[in-house]
2 protein chains.
Amino acid sequence: MRIGELARATGTKAETIRYYEREGILPAADRTDSNYRDYSEDHLTTLTFVRRARELGFSMAQVRELLALSDHADKPCQDVDQLVRDQLIEVDRKIEDLTALSNKLKEMVRACEGERIGDCRIVESLGGKNCAISRVSDPRG
Amino acid sequence: MRIGELARATGTKAETIRYYEREGILPAADRTDSNYRDYSEDHLTTLTFVRRARELGFSMAQVRELLALSDHADKPCQDVDQLVRDQLIEVDRKIEDLTALSNKLKEMVRACEGERIGDCRIVESLGGKNCAISRVSDPRG
DNA sequence: TATGAACCTTGTAGCGACTACAAGGTCAAG
DNA sequence: CTTGACCTTGTAGTCGCTACAAGGTTCATA
C-alpha cells in the first residue's frame, strides 16, 4: 500500500508519516520500482498504535519505549520487566483519571435529562483534593 | 498561597502558571500589597485539573471547553448537553484504548514472571485490526 | 543592615511534535 | 497529455510550553 492509502487508513498526514520514518518511529517502507514507499500490514498496525498512543498522551520518547518493548517481547525478560511495570503504573493512573472524568460527565448528562439538577463540577473529577491519589511530582518533566 | 507554593503543589513551573493566566486557562489571582499573586484553593483545584487533563491528551482548547462546562453546570442544560456527550464519547474511547494497553502490559508482566513466555506484542493492543473499534477519521484535526 | 531567595515585569528564543508550503521532478490512469 | 499522487530537500509556522535575560521589589534570616 502506498503512503496516501496508509494516510487515509490512519487519519495521518503523508508528511507526518515521512516525518515518523525520519525519526525512526516507523520503519522505512520497501520501495517500488518507481521509488514509491510500499507499506505492509505491519506498518499499518504500528502506525495505528503510534497515533493512538500519541492521542493518549504518550510522548514520542514513550512511544519509542513501548515499541521497543513490543520488539523485545520474546527476548530476555528481566531487562524489560521494570520498564513494563513503570508503563503499567502510568497507564492505570490515566485510566483512573479518565474514569473519574467519565463519571462526572455522566452525572452531567443525567442532570441534563432532568432527573435532578446536581452540582456537577467537572474540575473536581481530576482536580479535587478528595481525588483517589494525590500526586505531587512533576507530571511532564 | 503564592506562585511557588502552587507550583510545587501541582508540579508546574511558575512560568507555566503565568502562561496559563495570560492564556485565560487559569483565572488571574488576587494580588497582595506587594503585588504577589495570591492563589486560592479553587486555583489549586483548577490547575490540578488542567495539568491532568493535559496529561490525558486533551488539547488546550478541549481543556477550555471542559472548564467552561464546569462553570455552566448549573446553567441551562440543553446548551451544553451535546458538548458533554461528545466529550464523554472521547473519554470513554480513551479508557477503552488504555484498558487494552494495560491488559497487554499485564500479560507481559505475567510472562516475565515465568508463568509462560507468551507472544505479547504490545502494538496489537492499540494497533491491531482486531481492535474493538475501528476508527478512521483524523484524530488530531 | 545586608545578603539572597522568591517574587514581579517584558521580551525573546528554544524545543517537541507536527503541519504546511515551495520548488522541482517522476509516474500512472483517463 | 494532462492531472493527481507520489518523490526529494528545505524552510517556516503552530501549539504548548520552557528557559533565560534584564531589571526591579519584597521578605526572611544571619
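Just so it is clear: chains get the letters A, B, ... in the order the sequence lines come, proteins before strands, and each one is counted from 1.
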Spacing between Ile17(A) atom CD1 and dA5(D) atom P, to the nearest angstrom: 14 Å
Nearest-nucleotide 5' precedence on DNA chain D, Asp33(B) against Val50(B): Val50(B)
Protein-nucleotide distance (Arg64(A), atom CZ; dG16(C), atom P), rounded to Å: 10 Å
Distance test, side-chain N/O of Arg51(B) to OP1/OP2 of dC17(D), below 4.0 Å: yes
Spacing of Glu15(B) atom CD relative to dA21(D) atom P, expressed in whole Å: 11 Å
OP1 or OP2 of dA17(C) under 4.0 Å from side-chain N/O of Arg54(A): no
Side-chain N,O (Arg18(A)) to OP1/OP2 (dC7(D)) below 4.0 Å: yes
OP1 or OP2 of dC27(C) under 4.0 Å from side-chain N/O of Arg31(A): no
Distance, rounded to the nearest Å, where Ile3(A) contributes CD1 and dA5(D) contributes C1': 11 Å
Evaluation steps, side chain to side chain contact (heavy atoms under 4.5 Å, CB included), between Tyr19(A) and Ile25(A): CA-CA 9 Å; Tyr19(A) 166 77; Ile25(A) 287 282; over 6 Å; no
Sugar-phosphate, base or nothing in reach of Phe58(A), heavy atoms under 4.0 Å: nothing
Distance below 4.0 Å between Thr16(A) side-chain N/O and dC18(C) OP1 or OP2: no
Side-chain donor-acceptor pair present, Thr32(B), Asp38(B), cut-off under 3.5 Å: no
Pairwise 5' ranking along DNA chain C for Arg22(B) and Gly4(B), keeping only the more 5' one: Gly4(B)
Options dG16(D), dC27(D), dC18(C), nucleotide nearest the side-chain atoms of Tyr19(B): dG16(D)
Rounded interatomic separation in angstrom, taking CG from Asp38(A) and P from dA28(C): 13 Å
Gap between atoms CZ and C1', on Arg2(B) and dA5(C) respectively (whole Å): 10 Å
Pair of N/O donor and acceptor under 3.5 Å linking dC7(C) base with Glu5(B) side chain: no
Phosphate OP1/OP2 of dC7(C): any Arg37(B) side-chain N/O under 4.0 Å: no
Distance below 4.0 Å between Tyr20(B) side-chain N/O and dC17(D) OP1 or OP2: yes
Arg51(A) vs Thr16(A) side-chain heavy atoms within contact, under 4.5 Å: yes
Sugar-phosphate, base or nothing in reach of Ser59(A), heavy atoms under 4.0 Å: sugar-phosphate
Atom-to-atom span, CG of Leu6(A) to C1' of dA5(D) - whole angstrom: 15 Å
Selection from dA19(D), dT19(C), dT9(C) that lies nearest to any side-chain heavy atom of Lys13(A): dT19(C)
Comparing Met60(B) and Ser34(B) on DNA chain D - which has the more 5′ nearest nucleotide: Met60(B)
Check: Gln62(A)/Glu90(A) side-chain N/O donor and acceptor closer than 3.5 Å: yes
Euclidean distance, atom CD1 of residue Ile25(B) to atom C1' of dC17(D) [Å, nearest integer]: 12 Å
Donor-acceptor pair between Ser40(A) and His43(A) side chains, under 3.5 angstrom: yes
From Asp30(A), Leu44(A), Ile17(A), residue fulfilling side-chain contact (heavy atoms from CB on, under 4.5 Å) relative to Tyr39(A): Ile17(A)
